[in-house]
Amino acid sequence: MPKRENETFFNLVFEVVKLIPEGRVTTYGAIARYLGAAKSSRMVGWAMNVSHFLEEKIPAHRVVNRNGLLTGKAHFGTSNQMQKLLENEGLRFQEDQILDFEKFFWDPNKELVL
DNA sequence: AATGTGACATACC
DNA sequence: TGGTATGCCACAT
């Protein structure tokens with residue numbers, strides 16, 4: 001339903017999210033910062049929300065909040081869907097939180113070169 | 001057209 | 001240490 005025709009913040013978000021390597025995760029803030037809108041981290045979350053309606057496959061499960069907490073798990077099919085996907089990529093959890101989060105953290109600002 | 005809301009992050013009591 | 005307030009932008013109503 002969303003018409004992602006225009007190249008907007010959203011599209012950019014998707015671009016970045018799709019670049020997240022398997023077994024890695026990043027945060028809303030990191031993405032927002034990478035896009036030059038550090039204070040628009042909320043929009044990243046919105047983008048993820050909309051991503052479910054998109055035809056493109058957005059690994060939204062690889063995007064978590066700054067605490068490495070699966071805040072968006074509720075938006076996946078089941079509560080454990082998101083965690084399951086990540087576990088399948090080799091991550092471990094404890095109370096919906098990623099263990100060694102920093103270790104798996106993929107910062108577009110670092111990994112990608114502007 | 002205006003207002004409210006949201007998968008966050010930061011700053012400030 | 002922890003709650004409240006604010007920024008930010010797209011989307012739904």
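No hydrogens, no waters, no symmetry mates; every other heavy atom, side chains included, goes into these values. So that the names make sense, note that chain A is the first sequence line, chain B the second, and so on, each numbered from 1.
Pairs passing the salt bridge (Lys or Arg N to Asp or Glu O under 4.0 Å) check and including a residue from residues 41-58 of chain A, sequence neighbours excluded, read A:K18-A:E56.
A salt bridge is defined here as a Lys NZ or Arg NE, NH1 or NH2 lying under 4.0 Å from an Asp or Glu carboxylate O, and A:R33 with A:D107 meets this definition.
Rounded to an integer number of Å, the gap from CZ of A:F53 to C1' of B:dA7 is 13 Å. If you take CZ of A:F10 and P of C:dC8, they are 16 Å apart, rounded to a whole angstrom. Per the geometry, OH belonging to A:Y28 stands 16 Å off C1' belonging to C:dC9, to the nearest Å. If you measure from atom CE of A:M43 to atom P of C:dA12, you get 13 Å, rounded to the nearest angstrom. Protein atom CZ of A:R42 is 16 Å distant from nucleotide atom P of C:dA12, rounded to whole Å. When rounded to the nearest whole Å, the span between CG of A:L35 and P of B:dA9 equals 14 Å. Going from atom NZ of A:K39 over to atom P of B:dT10 covers 10 Å, rounded to whole Å. Rounded to a whole Å, the CZ atom of A:F14 is 13 Å from the C1' atom of C:dC9.
With sequence neighbours excluded, no residue forms a salt bridge (Lys or Arg N to Asp or Glu O under 4.0 Å) with A:R24. When the side-chain contact (heavy atoms from CB on, under 4.5 Å) test is applied to A:K39, no partner is found at least two apart in sequence or on another chain.
A side-chain N or O of A:H61 and one of A:E89 form a donor-acceptor pair less than 3.5 Å apart.
Of the possible donor and acceptor atoms, none in the side chain of A:S40 sits under 3.5 Å from a partner among the backbone N and O of A:M43. A:N65 places a side-chain N or O within 3.5 Å of a backbone atom of A:N67 that can act as its donor or acceptor partner.
A:V25 belongs to a hydrophobic cluster whose other members, connected by ILVMFWY side-chain contacts under 4.5 Å either directly or through intermediates, are A:V64, A:L70, A:F76, A:M82, A:L85, A:L86, A:L91, A:F93, A:I98, A:F101, A:F104, A:F105.
Note on A:A60: a base of the nucleic acid sits closer than 4.0 angstrom, heavy atoms only. Residue A:H52 is in base contact, counting any heavy-atom pair closer than 4.0 Å across all strands shown.
Across residues 63-74 of chain A, A:N65, A:R66, A:T71, A:G72 each have a non-hydrogen atom less than 4.0 Å from an atom of DNA chain B (numbered order). Near DNA chain B, defined here as any heavy-atom distance below 4.0 Å, the residues from residues 75-103 of chain A are A:H75, A:F76, listed numerically.
Taking CZ from A:R66 and OG1 from A:T71, the interatomic distance works out to 13.5 Å, rounded to the nearest 0.5 Å.
Judged by distance alone with a 3.5 Å cut-off, no donor-acceptor contact links the side chain of A:S40 to the base of C:dC8.
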